[in-house]
Number of protein chains: 2
Amino acid sequence: MATIEQFLESKDIRITAMRLLIYKFLASKEVAVTLSDIQNAFDKADRTTLYRTLKTFEEKDVVHQIDDGTGITKYALCEEGCNCEIGTDLHLHFHCNNCNETICLTQHKIPQIKVPKGFVSEDVNLVVKGICDKCS
Amino acid sequence: MATIEQFLESKDIRITAMRLLIYKFLASKEVAVTLSDIQNAFDKADRTTLYRTLKTFEEKDVVHQIDDGTGITKYALCEEGCNCEIGTDLHLHFHCNNCNETICLTQHKIPQIKVPKGFVSEDVNLVVKGICDKCS
DNA sequence: CAATAAATGCACTTCCATTGCATCTTATTT
DNA sequence: AAATAAGATGCAATGGAAGTGCATTTATTG
Ligand SMILES: [Mn+2]
Ligand SMILES: [Mn+2]
Ligand SMILES: [Zn+2]
Ligand SMILES: [Zn+2]
């Protein structure tokens, strides 16, 4: 078990205090978070820095964006050994209509989707909406 | 084959010149359209009117919104006899990364998605991204 | 330490969704 | 038909979030 510093460096990300805080915050959450969630957690943080940090994390395959249909981008840490970079790790996302939280169902991969002849599938986004386990 | 006027009235929508134009425009398109698409087609039209017309159409199950992940809401006519209102008509949507157009694949229903114990699925949004038949 | 590269913070812009309110139009009632 | 009510439209304004430019601070390297 490497330290967070080692992990980020292995991903070619330079260590800064802010980045460590953001990483730890993401790791402490079991649900996907918005930029505002992070901003509220550290009110001294500038929104732009958070935005660009998440962008860096995403480029380095440390986090992935989630579009759950609420219109607000959410972020979650990638799983150990996920395959975000090659588009293989297509797990589904669940959005709770009650508590409004979104969670990665990393164990639930998106089934193979058939598309009509002539169409080429490159990426799939699947969001299930309903009631989460905590709310039901 | 009823007239458009009769159809809209059967859906409890009052007939206006603008609504007929918007309906015909939607019917003429085989792809999902944005508010701006409609606005550009009728430059005399006010954006708010278009917006509210589409909202009305949606409430009356004449059109459905599509969130294809571009961040811009798109609209398409519901199919004859679709089941938007009861959430049964869950066809998938295809977004072309090349021409940037989004199309309803109404013949392709979303497969049953398994969710973990404790979760209740109420709705599913599935968007496939790739290359469409015209671009491949 | 000097030189360089990267990260941060502030201000600003852009884009789209959404609303308030006044006005115009259509449907209903007397 | 005139009066009234209900609904549709247009203009202006707001709000929320994503994204960018640039100056400043911080870290890295020789
Ligand atoms: Mn996820
Ligand atoms: Mn559709
Ligand atoms: Zn919930
Ligand atoms: Zn295409």
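Just so it is clear, the values below take in all heavy atoms, side chains as well, and ignore hydrogens, waters and symmetry mates. The chains referred to below are lettered A, B, ... by the order of the sequence lines, with proteins before strands, and numbering in each begins at 1. Because the structure is a prediction, the values reported are computed rather than measured.
Using a 4.5 Å heavy-atom cutoff, the side chains of A/Arg19 and A/Thr53 are in contact.
The distance between atom CD1 of A/Ile38 and atom P of D/dA18, rounded to the nearest whole Å, is 11 Å. Atoms CD (B/Gln39) and P (D/dT9) sit 15 Å apart, rounded to a whole Å. If you take CG of A/Leu54 and C1' of D/dG19, they are 14 Å apart, rounded to a whole angstrom. Rounding to whole angstrom units, CG of residue B/Leu35 and C1' of D/dT9 are separated by 15 Å. In this entry the distance linking CD1 of A/Ile66 with P of D/dA18 reads 14 Å, nearest Å. Residue A/Arg19 contributes atom CZ, which lies 14 Å from atom C1' of D/dT25 at whole-angstrom precision. Look at CG on B/Leu21: it is 15 Å from C1' on D/dA8, rounded to the nearest Å. A/Leu50 places its CG atom 14 Å from the C1' atom of D/dA18, with the value rounded to the nearest Å.
Nearest heavy atom pair, residue B/Asp67 against residue B/Asn125, reads O-ND2, 3.5 Å.
The phosphate of D/dA8 has neither OP1 nor OP2 within less than 4.0 Å of any side-chain N or O from B/Thr53. Applying the 4.0 Å criterion to OP1 and OP2 of D/dA18, one finds that A/Arg47 has a side-chain N or O inside that range.
Evaluation of atom-type donor-acceptor distances gives a pair under 3.5 Å for the side chain of A/Arg52 against the base of D/dG21.
Among the protein residues, A/Thr48 comes within range of the nucleic acid bases, having at least one heavy atom under 4.0 Å from a base atom. As judged by a 4.0 angstrom heavy-atom cut-off over every strand, A/Thr56 is placed among residues making no nucleic acid contact.
Ring-plane geometry between B/His93 and B/His64 is classed as parallel, the angle between the planes falling under 30 degrees on a 0 to 90 degree scale with a further cut at 60.
Using a cut-off of 4.0 Å between Lys/Arg side-chain N and Asp/Glu carboxylate O, B/Arg52 and B/Glu58 are scored as not salt-bridged. Ion pair B/Asp133/A/Lys117 not flagged as a salt bridge, since none of the NZ, NE, NH1 or NH2 atoms sits closer than 4.0 Å to an Asp/Glu carboxylate oxygen. By the 4.0 Å N-to-carboxylate-O rule, B/Glu30 lies close enough to B/Lys134 to be salt-bridged with it.
Nearer to the 5' terminus of DNA chain C, by closest-nucleotide assignment, is the contact made by B/Gly71 (compared with the other of B/Lys55 and B/Gly71). A residue-by-residue look at A/Ile72 and B/Ala45 shows that B/Ala45 has its nearest nucleotide of DNA chain D further toward the 5' end.
Note: B/His95 NE2 to B/Asn100 CG = 4.0 Å, rounded to the nearest 0.5 Å.
Along DNA chain C, the stretch of nucleotides lying under 4.0 Å from any heavy atom of chain B spans, 5' to 3', C/dC16 to C/dA27.
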